[in-house]
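Below you'll find the structure, written out as structure tokens, and then a few comments.
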Amino acid sequence: MMFFDTILANIGDWLPRMLTSLRTTLVLTVGAFCLAFMLALLLEYLRSRRLRAARLAARLYIALARGVPILVILYLIYFALPGAGMTLSSQLSAVIGLALVYAAYLAEVFRAGLDAVPAGQREAALSSGLTPIQTFRLILLPQAVRHTIAPLVINLVSLLKDSSIAALIAVPELTLVSREIMSESFLPLQVFTLTAVLYFLLAWPASLVARAIEQRLRYPSARTSSSKSLNQLKEAQASA
């Protein structure tokens with residue numbers, strides 16, 4: 001009981017500071033995810049090109065980004081770049097560092113989504129007179145999106161949790177502020193329990209959404225999907 005009594009006695013002081021820092025955590029997460037999303041599309045585009053150098057560059061980047069710890073990349077951006085004449089704020093360094101790493105993961109998600117679309121649909125669309133861009137936009141992309149939504153949400157939740165690493169380069173996000181409160185109160189168990197609850201309240205609903213999407217996609221209505229694809233194909237042919 002003393003454990004919860006201590007939390008309740010201090011929550012009026014702790015919670016406003018934590019909620020303010022939580023806003024920084026959300027800005028950090030959303031900013032990094034949006035940048036990673038765009039980089040991942042570029043990587044997947046390069047990887048699908050016929051030019052061998054472009055494919056190799058994209059694959060090499062993905063391998064490096066997945067093989068180097070996020071903290072090392074953050075340190076390189078925040079501490080090493082000033083030596084090369086480029087100084088970034090801690091928050092911008094964190095956004096860029098997280099985005100560089102998660103772009104590699106999202107590129108793999110996009111690749112899996114496009115690979116899940118039957119190859120025959122691409123061939124059928126091309127043979128019906130659609131251009132490659134129309135085929136990608138009208139036939140392949142809508143189906144690939146269905147397969148990538150759940151993994152994208154899962155990666156967003158992972159990014160939210162990994163954003164706590166930004167505390168190590170002094171970004172005033174939830175973990176750093178919790179550490180400051182802990183230093184003032186000398187109550188690490190109570191402070192970080194409340195911190196964990198706040199992270200959980202953000203991550204859990206997103207996880208439920210990802211699970212619901214995954215279950216819905218696991219039992220798709222084949223008739224509806226097939227009919228929808230055929231209708232899209234007919235509309236595309238009519239507009240071509």
Side-chain angles (χ1 to χ4, degrees), residues 1-37 39 65-106 152-211:
M1 288 297 293
M2 282 189 60
F3 174 80
F4 295 106
D5 289 342
T6 304
I7 292 179
L8 291 175
N10 291 281
I11 199 167
D13 176 41
W14 295 351
L15 197 56
R17 298 168 64 184
M18 286 184 173
L19 290 179
T20 301
S21 62
L22 193 59
R23 186 169 55 193
T24 302
T25 294
L26 291 175
V27 170
L28 190 65
T29 301
V30 173
F33 188 82
C34 291
L35 183 57
F37 190 91
L39 289 174
R66 297 179 65 181
V68 178
I70 297 177
L71 184 57
V72 174
I73 293 178
L74 290 187
Y75 281 168
L76 280 172
I77 296 172
Y78 188 63
F79 293 115
L81 281 185
M86 182 181 296
T87 302
L88 302 176
S89 68
S90 59
Q91 192 159 340
L92 183 57
S93 298
V95 169
I96 293 174
L98 290 167
L100 290 177
V101 174
Y102 269 83
Y105 294 117
L106 297 189
L152 286 176
V153 175
I154 291 171
N155 274 278
L156 178 61
V157 174
S158 297
L159 178 55
L160 170 69
K161 292 185 288 185
D162 284 345
S163 68
S164 62
I165 295 176
L168 297 175
I169 57 171
V171 176
E173 47 75 64
L174 181 57
T175 302
L176 180 64
V177 170
S178 298
R179 197 170 64 191
E180 292 172 354
I181 295 173
M182 182 268 295
S183 300
E184 297 166 4
S185 63
F186 299 104
L187 296 168
L189 184 58
Q190 290 85 349
V191 171
F192 282 106
T193 297
L194 186 57
T195 303
V197 169
L198 290 176
Y199 273 117
F200 176 75
L201 289 177
L202 283 177
W204 187 51
S207 300
L208 292 179
V209 170
R211 186 180 302 173

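Electrostatic pairing of Glu184 and Arg17 counts as a salt bridge here, judged by a charged N lying under 4.0 Å from a carboxylate O.
The nearest pair of heavy atoms linking Phe79 to Ile169 is CE1-CG2, 4.1 Å. Across every non-hydrogen atom of Arg179 and Ala167, the tightest pair is NH2-O, 4.0 Å. Listed here is the closest heavy atom pair of Ala104 and Arg66: CB-CG, 3.8 Å. Here the closest heavy-atom approach between residue Leu168 and residue Tyr75 is recorded as CB-OH, 4.0 Å. Pairing each heavy atom of Ala65 with each of Leu100, the nearest pair is CB-O, 3.8 Å. The nearest pair of heavy atoms linking Val171 to Ser90 is CG2-O, 3.4 Å.
Without hydrogens or angle criteria, Gln190 side chain to Thr193 main chain gives no donor-acceptor distance under 3.5 Å.
Here the side chains of Leu98 and Phe33 are not in contact, with every heavy-atom distance at 4.5 Å or above. Taking the side chain as every heavy atom from C-beta outward, Leu176 and Glu180 approach each other to under 4.5 Å. A 4.5 Å side-chain heavy-atom check between Trp14 and Ser178 finds every atom pair outside the cut-off. The closest side-chain heavy-atom distance from Leu76 to Leu81 is not below 4.5 Å. Looking only at side-chain heavy atoms (C-beta outward), Cys34 and Val30 come within less than 4.5 Å of each other. Put simply, the side chain of Met182 reaches to within 4.5 Å of the side chain of Pro188, judged on heavy atoms. Looking at heavy atoms from C-beta onward, Val157 lies out of side-chain contact with Leu202 at the 4.5 angstrom threshold. Taking the side chain as every heavy atom from C-beta outward, Leu19 and Leu22 approach each other to under 4.5 Å.
Partner Leu187 forms a side-chain contact (heavy atoms from CB on, under 4.5 Å) with one of Thr6, Leu194, Ile7 and no other, that one being Thr6. Val101 pairs with exactly one of Ile70, Leu159, Val68 by the side-chain contact (heavy atoms from CB on, under 4.5 Å) rule, that one being Ile70. Remark: of the listed residues Leu88, Val95, Val72, Leu92, Leu88 is the sole one forming a side-chain contact (heavy atoms from CB on, under 4.5 Å) with Ile77.
Atom-to-atom distance recorded for Ser207:OG and Ile154:CD1 is 7.5 Å, nearest 0.5 angstrom. Here the CG-CG distance, from Asn155 to Leu160, works out to 12.5 Å after rounding to the nearest 0.5 Å. Here the straight-line distance linking atom CD1 of Ile181 with atom CE of Met18 works out to 4.0 Å at 0.5 Å rounding. Taken from CZ in Arg23 to CG in Leu26, the straight-line distance is 10.0 Å, to the nearest 0.5 Å. For the atom pair Ile165 CD1 and Glu173 CD, the distance stands at 10.0 Å (nearest 0.5 Å).
For the residue pair Thr25/Tyr199, the side-chain donor-acceptor check at 3.5 Å is not satisfied.
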Checking Ser164 against Leu174 for the side-chain contact (heavy atoms from CB on, under 4.5 Å) test, could you report, in this order, the C-alpha distance in whole Å, the side-chain angles of both residues, the deciding distance, and whether it holds?
CA-CA 7 Å; Ser164 62; Leu174 181 57; over 6 Å; no

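Considering only residues two or more places apart in sequence or on other chains, Asp162 meets the side-chain hydrogen bond (donor to acceptor under 3.5 Å, both in side chains) condition with Tyr102.
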